[in-house]
Amino acid sequence: MKKLALHWQILIALILSILFGIFFTNYVQYVTWMGVIFLRALRMIIVPLIFSSIVSGVTGIGSAKNLGRMSIKTFSYYIMTSLFAIFTGLFVVNLVKPGVGADLGLSSMVEGLDASAESFGQTLINIIPNNIIESMARGDMLSIIFFAILFGFFATRVKSSFRLPIEKTFNAIFEVMMQVTMFVIKFTPFGIFGIVSGLVAEHADNLLPIFSRMGIYMLCVLGALCIHAFIILPLLVRVIGKSNPIKHAKGMTVPLLTAFSTSSSNATLPLTMEAVEKNSGVSTKTTGFVLPLGATINMDGTALYECVAALFIAQAYGIELSLLQQGIVVLTALLASIGAAGIPMAGLVIITIILTAVGLPLEGVGLILAVDRILDMFRTTVNVWSDSCGAVIIAKSEGEVLKV
Ligand code: ASP
């Protein structure tokens, strides 16, 4: 008998988990451990995978000139698509105005929000690790990436009797980590069943009332995310990447469903790397550089969400934002999405940066709190989709021959 493809297994797990969460709410506690184990396994992989992939990616890129070119392309793509996403959000939220007349009775105080938002300058400074082992232990992605790029770059500067064993070792570690990843991926349907049934059971009672109150706002976010994911990004893959976006999307089913279920681009990273390499045919050199960076700094879905949420809050409070203030929203949404960690609900915390920047009340976060977790699933999927499209476009511009 032919084995069912993994993405079908995941889809079935998703549907079963929703039914299970609704109808067997009391039994969910017996299955959530599968989700916990799955997430732990993914997090276990991340640090060694990122470190080895970036070192082997950067040593593979070779010269400073090539590394510079690759970095410029990667950053340009990330900033460009995030801006596209933000403007899409801005357009939709100004068109529909979901916040006008929204029920302010919903707002609840959210404590400790101002303490959690760090200034952008401090975020930049924090990229340089005090102690790389500590950063690895804490999973500070930007610091790990920074050190790995430095390490990889200078590994190419030493004489070949040193350079070659280092290259070989990191390539080997990376290969092993990819094998570990493939092993963990096999358990995705079980992990997703555990995670999603837990989530559904937790929110089952208030799903309908929330939806009726917040429906238009949610539809605005989802509509804008769809425009970005189904029109803008595929167009970029087609026109700039000269590749087939549909074929690429098919190959990305497993990481996209995992992003949706886990709401974490970081946790999904191992699966994204595997899929972009194996199914779309992007080289290790490119995926190793573009994807870990993308999972950390490129969050189109989050950027779009930040912008829609901030304007929704302004509308709900009856505050008219001037053009300049909307410009500030765009800029801070971009910076905030770069600074956001690829973990669940990171976007909810950083929205305070934007609210502060344009002088909106921080309590406004209480308005969007109820539906944040649901929207997180969708925006994370768009975040991962954009990273993968970036890998294809950059690989193509480097002259790689792809499978899509
Ligand atoms: N959960 C998102 C991610 O991991 C970040 C966010 O909260 O927007 O990509």
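Just so it is clear, the structure is predicted and the values come from calculations on it, not from any experiment. Whatever order the structure lists them in is the order used to number ligands and atoms, beginning at 1.
Taking each heavy atom of S53 and F174 in turn, the nearest pair found is CB-CE1, 3.2 Å. Among all heavy-atom pairs drawn from S243 and V404, the shortest one is CB-O, 3.7 Å. Between A224 and V92, the closest heavy-atom pair is CB-CG2, 3.9 Å.
For ligand 1, residues of the protein lying within 4.0 angstrom by heavy-atom distance are S263, S264, S265, M299, T302, A341, G342, I343, P344, M345, A346, G347, D376, R379, T380, N383.
Evaluation of the salt bridge (Lys or Arg N to Asp or Glu O under 4.0 Å) rule for R238 yields no partner, not counting sequence neighbours.
T88 contributes a side-chain N or O that, together with a main-chain N or O of F84, makes up a donor-acceptor pair within less than 3.5 Å. In this structure a side-chain-to-backbone donor-acceptor pair under 3.5 Å is present from T287 to T284.
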